[in-house]
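Each chain gets a letter, A, B and so on, in the order its sequence line appears, and its residues count up from 1.
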Protein chains: 2
Amino acid sequence: MSAEQSPPTLRDVAARAGVSPMTVSRVLRDHPRVTERTRERVLAAVDALGYRRNELARNLRLGRTSGLVGLVVTNLANPFYSQLALGVEAIAGERGLKVVLGNTAEDVQRERRLVEEFAARRVDGLIVVPAGADHSHLTSSRLGRLPVVLAARPPSNIAADCVLVDDFGGAREATARLIAHGAIRPGFLGLPLSAWTGSERFRGFCVALDEAGLTLDERYVRRNQRTIATAEAAALQVLSLPDPPDAFFCANSRNTLGAFRAISASGSRPALAGFDDFEMADVLGLPLIVVAYDPEELGRQAARLLLDRIDREPGAADSPPRRIVIPTTVVEYGMAEQPAVRG
Amino acid sequence: MSAEQSPPTLRDVAARAGVSPMTVSRVLRDHPRVTERTRERVLAAVDALGYRRNELARNLRLGRTSGLVGLVVTNLANPFYSQLALGVEAIAGERGLKVVLGNTAEDVQRERRLVEEFAARRVDGLIVVPAGADHSHLTSSRLGRLPVVLAARPPSNIAADCVLVDDFGGAREATARLIAHGAIRPGFLGLPLSAWTGSERFRGFCVALDEAGLTLDERYVRRNQRTIATAEAAALQVLSLPDPPDAFFCANSRNTLGAFRAISASGSRPALAGFDDFEMADVLGLPLIVVAYDPEELGRQAARLLLDRIDREPGAADSPPRRIVIPTTVVEYGMAEQPAVRG
DNA sequence: CACCGCGATGGTAGCGCTACCACATTCATT
DNA sequence: AATGAATGTGGTAGCGCTACCATCGCGGTG
């Protein structure tokens, strides 16, 4: 008597209940045309055997896909992307879709492989934070009718829906606030212009300066900081100029924190603004302007765009790609009153 | 002429290449007994049609499961769990397994549903951060031979592998350091004792006090803070006692930050230690001891335990449950020198 | 020249499930 | 009483794929 190793099938249930597999199938699908008595017998057998319907077989038979949404992000350890994932999961879950995860670590090769594998698993759709600028592996010629939504970065040379943060508007608004608080020579700590967010946030910064009639001093611009430490070094460098900036706009939280450290260490008191809110922004003890937004909302919107495409009639003509921009809000911590640092 | 809506099948490829479906299947599986000429013809057809093997059908036929690992966490927005997910994804990915995500928001009902759904999708295994203390839905009687590994919280009344953080050891060591730096009346800002981490970290705190010959003043203990704001209030309350504590051990980062705020606001200077490292621990400008550990390692170990179970011969006897404890390290920020806050 | 062996290919069946049709039974209608 | 419809149940086929066996053609052997 070998204990059954593989899970019971619908046939096993049918045998035990003394009915045909079809009847079991109907009971499980809540088909109306089943006698109450039969239903009870079947359910008893299901219970006794611990039967669970095999969704894989079911989906195959129904010609459906997997009921999965592939989510490909560049770095799940980054709270931005994990919150995005949370938003995707919430909306997909409402429709009974599950989310399959892929982490690329910004590696374009890995991204290609993941997209291929997800397609082979017949996911219903893909949400991708593309690592590179080459999106050829996401074209409909490669993926057939598999819907794709890009998140956080816009499509390049392909037609696809996308959801973006208002990088430009947020940077512009925060810089404007900095200027309103008296800054006349702001510096910029940012990302390489090759990154979408890098160039958009810099553009917002520049436009705000322009609108205030200020001119940008190129010596105040540093763009290659990827860690808090290098950001701190860059800020210190700029601060040690004979005529240092009186403010910084930082393109992400790593730069903001680096600048914060540099300011704490140096004697000067430039004003500080930065993209990305963070949990401890208000306890840093220095006045601070941050550009806040909701990464979870980004995920939710991306999922909604994807569901829209998934629900479309397969025969219907492709609708034009849509682009959703998530708004940002500017938050000021301790700007009016004196800084909270104790003397 | 309707454009083909559904993706091409192996049959389509066979027809186009002028061979039988079997031959195509063999080519795709790198079966050795195929002529080079035939292989080329088939691959050309595959390319022309943009064919991709349907892994769902393949797995069904092979009697395999889905090639998926279900990951059920309580809150993906918490960096702890997202890093855990990253570790799971890395190890599972090495074996060609993908990770399906489920977020419970600490809701036991949702957890049960997610586990059921994952089982129905025939995941190869589950990694669960259980929301509650009732783990009856994770027993092998309910899930059959589906392997389950618990993460961050131990199994209760079920036999399952698990991976834990050394909550006790970390709390004890950090508290000991606090005492070594001169604390004699430390307070405790923590979690409800009903939470595993809450009671373990409190136990570590108590043992360290004991070992130093100190006695705990119950008035210094607060346990119901779930946000930075409530933690701050609790710390302020304790600090306003006539004989306030000269140090705090905080059971998680929210409590640490609340205490930090309270200390900044009040005139006193209690020493501060807390569980969980965070990115800005060293820029807070107050000396600080933190208990650090690697959540990603937790995920990696959990995935390894799971793979071990998955790889076991289905007929083999169950091996006893294993428990892995992830070590913690204690980090001191600015403890030796004077605090970095500028006067 | 029959024979064997082997390598390349094809046919059949079935993984677990359900759409579709067939059938038997019951009940209302003329 | 005969007809039709509505109802409960079962049989068959097939989703896309591959394990298994059958087949076919080839060269080498006695």
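In this structure the side chain of A:Arg26 never reaches within 4.5 angstrom of the side chain of A:Val42, judged on heavy atoms. Here the side chains of B:His31 and B:Ser25 are not in contact, with every heavy-atom distance at 4.5 Å or above. For the pair B:Gln301/B:Arg322, no side-chain contact is recorded, criterion being any heavy-atom separation below 4.5 Å from C-beta on. Two residues are said to be in side-chain contact when any heavy atoms from C-beta on lie closer than 4.5 Å; B:Arg64 and B:Glu55 fail this criterion. Counting only heavy atoms from C-beta outward, the side chains of A:Ser136 and A:Arg142 never approach each other to under 4.5 Å. With contacts defined as side-chain heavy-atom distances shorter than 4.5 Å, the pair B:Lys98/A:Leu101 does not qualify.
Atom CG in B:Asn54 sits roughly 18 Å away from atom P in C:dC15 (whole-Å rounding). Rounded to whole Å, the distance from CZ on B:Arg64 to P on C:dG16 is 15 Å. Atoms CG (B:Leu62) and P (D:dT18) sit 7 Å apart, rounded to a whole Å. The distance between atom CZ of B:Arg37 and atom P of D:dC26, rounded to the nearest whole Å, is 14 Å. In this structure, the CG atom of B:Leu60 is 9 Å from the P atom of C:dC17, given to the nearest Å. As a whole-Å value, the separation of A:Leu10 CG from D:dC15 P is 19 Å. Atoms CZ (A:Arg53) and P (C:dC15) sit 19 Å apart, rounded to a whole Å. Note: CG (A:Asn59) to C1' (C:dC17) measures 10 Å, nearest angstrom.
With C:dC17, D:dC17, D:dA19 as the candidates, the nucleotide lying closest to the side chain of A:Tyr51 is C:dC17. The side chain of B:Arg33 lies closest to C:dA8, out of D:dT18, C:dA8, C:dT18. Among the nucleotides C:dG16, D:dG16, D:dT18, the one closest to the side chain of B:Ala57 is D:dG16. Residue A:Arg61 has its side chain nearest to C:dG16 when only C:dT9, C:dG16, D:dT18 are considered.
The environment of A:Asp311 atom CG is dense: over 12 non-hydrogen atoms of other residues, nucleotides or ligands sit within 6.0 angstrom.
Using a 4.0 Å cutoff on non-hydrogen atoms, the parts of residues 19-27 of chain B near DNA chain D are B:Met22, B:Ser25, ordered by number.
Where B:Arg29 and A:Gly18 each meet DNA chain D at their nearest nucleotide, the meeting point lying more 5' is that of A:Gly18.
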